[in-house]
**Student:** 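Quick one: this structure, given as structure tokens, is what I'll be asking you about.
Ligands are counted one by one from 1 in listed order, and the atoms in each one are counted from 1 as well.
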Amino acid sequence: MKVLILGSGGREHALAWAVKRSPRVTEVVCAPGNGGIAQVARCVSVDLKDVDAMVRLAEAEQPALTIVGPELPLSLGVVDALQQRGFRVFGPTREAARLESSKAFAKQFMKRNKIPTANYAVCVSPAEFEKEIATFHPPIVVKADGLAAGKGVLICESRNTALEAAHGLFSGALLGAAEQQVVIEEFLEGDEVSFLCLSDGQHVAPLVPAQDHKRIGEGDTGPNTGGMGVYSTDSILEPGMTEWILHHIAEPTVRGMAEEGTPFVGVLYCGLMMTARGPEVLEYNARFGDPETQAILLRLESDLVDALEACIDGRLCDTRLRWTPGASACVVASSSGYPGSYKTGFPISGLAAAAQVPGVQVLHSGTARIGNQIVTSGGRVLGVTAAGDSLQQALDRAYQALAEIQFEGIYYRRDIGHRALAKKS
Ligand code: AMP
Ligand code: GLY
């Protein structure tokens, strides 16, 4: 069968790699893809903001299965448009993707469905914000309602800075577009866990848990990024915690969406804070995480295509995913300057030597192929991902592979997974 993957990052490279391993798959097409994905799939250009263009592509390619990677095409309704034309698509409809594309919707949904999350207020004007802020204690979390590629969350040390942030969001000064709604949230403390599960609209199947490192600097300092590294081990969650999260968070979410007439089919990504009160939802994403997917899929033993098709066909209850025990880790190599401005077009060397390290997959986030040369083309460039019997072994392998790789301005955090290692000892 032919599989079409929409997207162009490390997540899509991991998806293409995993899909290709299925004995049922004869061809993988990725749109638009990148320089690394081109080694495992045929890449064709498409504008991920243009639903009609994605539909035309599917009509030309006639894939047996389409997988949507990023949030933007989901929020624009690409799944609805493809389904209307009879294509089998893995991903939520536009209405179901509102769990990610509207933070106000997500908070109100969680309240209606008694899903644990931080206290909040949704405000539609600066005046309302000023009134509501009086009942929150600093630090105060201020969030844009809409998609903001990780830039829509501001942690404010005082009510005044929170008010300034809200003005910036309502006016458009902060994110470019003016927000109609701004969310105020109670600040939560604890460890963050990315808990992803597959959903067929009724049932859920958890993936292995992962922990992301969002800040650019070592020791979790500096500005937020799309994710600088991630690891996955079973011990991220205490025994019994997976069942608790399924019972109190993932299953009620999927049940609530079905009851409200917008069943959620796809990957439900619950960004959790493990607080003193128990796990609480920081955010939902309606898609695979990036770079979580790179680490998670390296541990998947089951056939990914079978699992995604079970979601589309509503028979996930018969599916049990099998995972390699042990650990995996993904360390992101970025361009100098990221998450601010950076230059691209630098040749990357050492990729073949890096791929020789046992257990390693070098997954590309922002690369392009020019002739026979792979060059940098984004802020996050590579996700060097490794599996191992232990977290230490997975990390050692990823860093050994990274030592082979060179490009001008290469930067990566040397402390991915270190907090977990320190906790153990
Ligand atoms: P979000 O896009 O909602 O996941 O937020 C991005 C990051 O901001 C999260 O991964 C957390 O590190 C932080 N964050 C969001 N909401 C809160 C909160 N209520 N309390 C503390 N940190 C938060
Ligand atoms: N790693 C965070 C995300 O995918 O949103």
Side-chain angles (χ1 to χ4, degrees), residues 7 9-12 14-15 68-72 74-75 97 99-107 110 116-122 136-157 162 165 169 175 182-196 207 209-216 220-232 266-277 279-297 329-332 334 339 363 365 379-380 383 385 416 419:
R11 162 184 50 212
E12 287 75 21
L15 286 167
V68 186
E71 59 275 25
L72 184 65
L74 293 172
S75 73
L99 281 181
E100 172 166 9
S101 64
S102 170
K103 292 209 189 275
F105 171 80
K107 294 298 286 189
M110 284 187 267
T117 189
N119 288 326
Y120 73 98
V122 174
F136 287 83
H137 291 283
I140 295 167
V141 185
V142 178
K143 294 186 177 181
D145 178 50
L147 294 179
K151 297 191 189 97
V153 176
L154 299 122
I155 314 260
C156 304
E157 294 306 327
L169 291 173
L175 294 177
V182 172
V183 178
I184 314 175
E185 231 177 73
E186 167 199 14
F187 181 79
L188 297 179
E189 276 176 285
D191 279 339
E192 283 184 47
V193 175
S194 303
F195 186 92
L196 285 73
L207 309 186
Q211 196 159 46
D212 193 7
H213 296 60
K214 287 207 167 80
R215 304 292 198 92
I216 186 75
D220 296 316
T221 53
N224 259 332
T225 70
M228 293 304 293
V230 68
Y231 71 92
S232 169
V267 182
L268 178 69
Y269 169 138
C270 304
L272 304 178
M273 188 72 96
M274 309 306 279
T275 76
R277 294 188 295 234
E280 301 201 356
V281 178
L282 286 175
E283 63 158 348
Y284 289 116
N285 292 318
R287 53 171 173 81
F288 283 104
D290 188 340
E292 285 89 341
T293 303
Q294 289 87 311
I296 289 172
L297 291 185
C330 169
V331 182
V332 172
S334 65
L363 299 169
S365 303
R380 290 190 293 172
T385 311
I416 301 303
R419 277 208 303 169

**Student:** Do any nitrogen or oxygen atoms of Glu283 come within less than 3.5 Å of a nitrogen or oxygen of ligand 2?
**Tutor:** no
**Student:** So Phe288 and Leu207, do their side chains get closer than 4.5 Å, heavy atoms only?
**Tutor:** yes
**Student:** Has Arg287 got a side-chain atom pairing as donor or acceptor with Pro70's backbone, closer than 3.5 angstrom?
**Tutor:** no
**Student:** Closer than 3.5 angstrom, by distance alone: can the side chain of Arg380 be matched with the main-chain N or O of Val332 as a donor-acceptor pair?
**Tutor:** no
**Student:** Keeping the roles fixed (side chain from Asn119, backbone from Glu186), state whether a donor-acceptor pair exists under 3.5 Å.
**Tutor:** no
**Student:** Flag Lys214 as yes when one of its N or O atoms lies below 3.5 Å from any N or O atom of ligand 2, and as no otherwise.
**Tutor:** no
**Student:** Within the 4.0 Å heavy-atom shell around Glu292, which atoms of ligand 2 are there?
**Tutor:** 1 (N), 2 (C), 4 (O)
**Student:** Taking C-beta and beyond as the side chain, do His213 and Tyr231 meet within less than 4.5 Å on heavy atoms?
**Tutor:** yes
**Student:** Could you check whether any side-chain heavy atom of Glu283 comes within less than 4.5 Å of a side-chain heavy atom of Tyr269, counting everything from C-beta outward?
**Tutor:** yes
**Student:** Measure the shortest side-chain to side-chain distance between Ser232 and Glu292 over non-hydrogen atoms and say whether it is less than 4.5 angstrom.
**Tutor:** no
**Student:** Could you list the atoms of ligand 2 found under 4.0 angstrom from a heavy atom of Gly226?
**Tutor:** 1 (N)
**Student:** Taking a cutoff of less than 4.0 Å between a non-hydrogen atom of the residue and any ligand atom, is Phe288 in contact with ligand 2?
**Tutor:** no
**Student:** If you measure from each heavy atom of Arg287 to ligand 2, is any distance below 4.0 Å?
**Tutor:** yes
**Student:** Taking 4.0 angstrom as the limit and counting only heavy atoms of Gly289, give me the atoms of ligand 2 inside it, by number and element.
**Tutor:** 4 (O)
**Student:** Between atom CG of Leu272 and atom OG of Ser194, what is the distance when rounded to the nearest 0.5 Å?
**Tutor:** 8.0 Å
**Student:** Using a 4.0 Å heavy-atom threshold (strictly under), name the region of Asn285 that reaches ligand 2: side chain, backbone, both or neither.
**Tutor:** side chain
**Student:** Taking non-hydrogen atoms within less than 4.0 Å of ligand 1, which protein residues qualify?
**Tutor:** Lys103, Val141, Lys143, Val153, Ile155, Glu185, Glu186, Phe187, Leu188, Glu192, Lys214, Met273, Leu282, Glu283
**Student:** So that I can tick it off, tell me whether Lys103 and Glu185 are bridged by a salt bridge, with the cut-off set at under 4.0 angstrom between side-chain N and carboxylate O.
**Tutor:** no
**Student:** Numbering the atoms of ligand 2 from 1, which are under 4.0 Å from a heavy atom of Asp212?
**Tutor:** 1 (N), 2 (C)
**Student:** Taking only residues two or more places apart in sequence or in another chain, which ones pass side-chain hydrogen bond (donor to acceptor under 3.5 Å, both in side chains) with Asn224?
**Tutor:** none
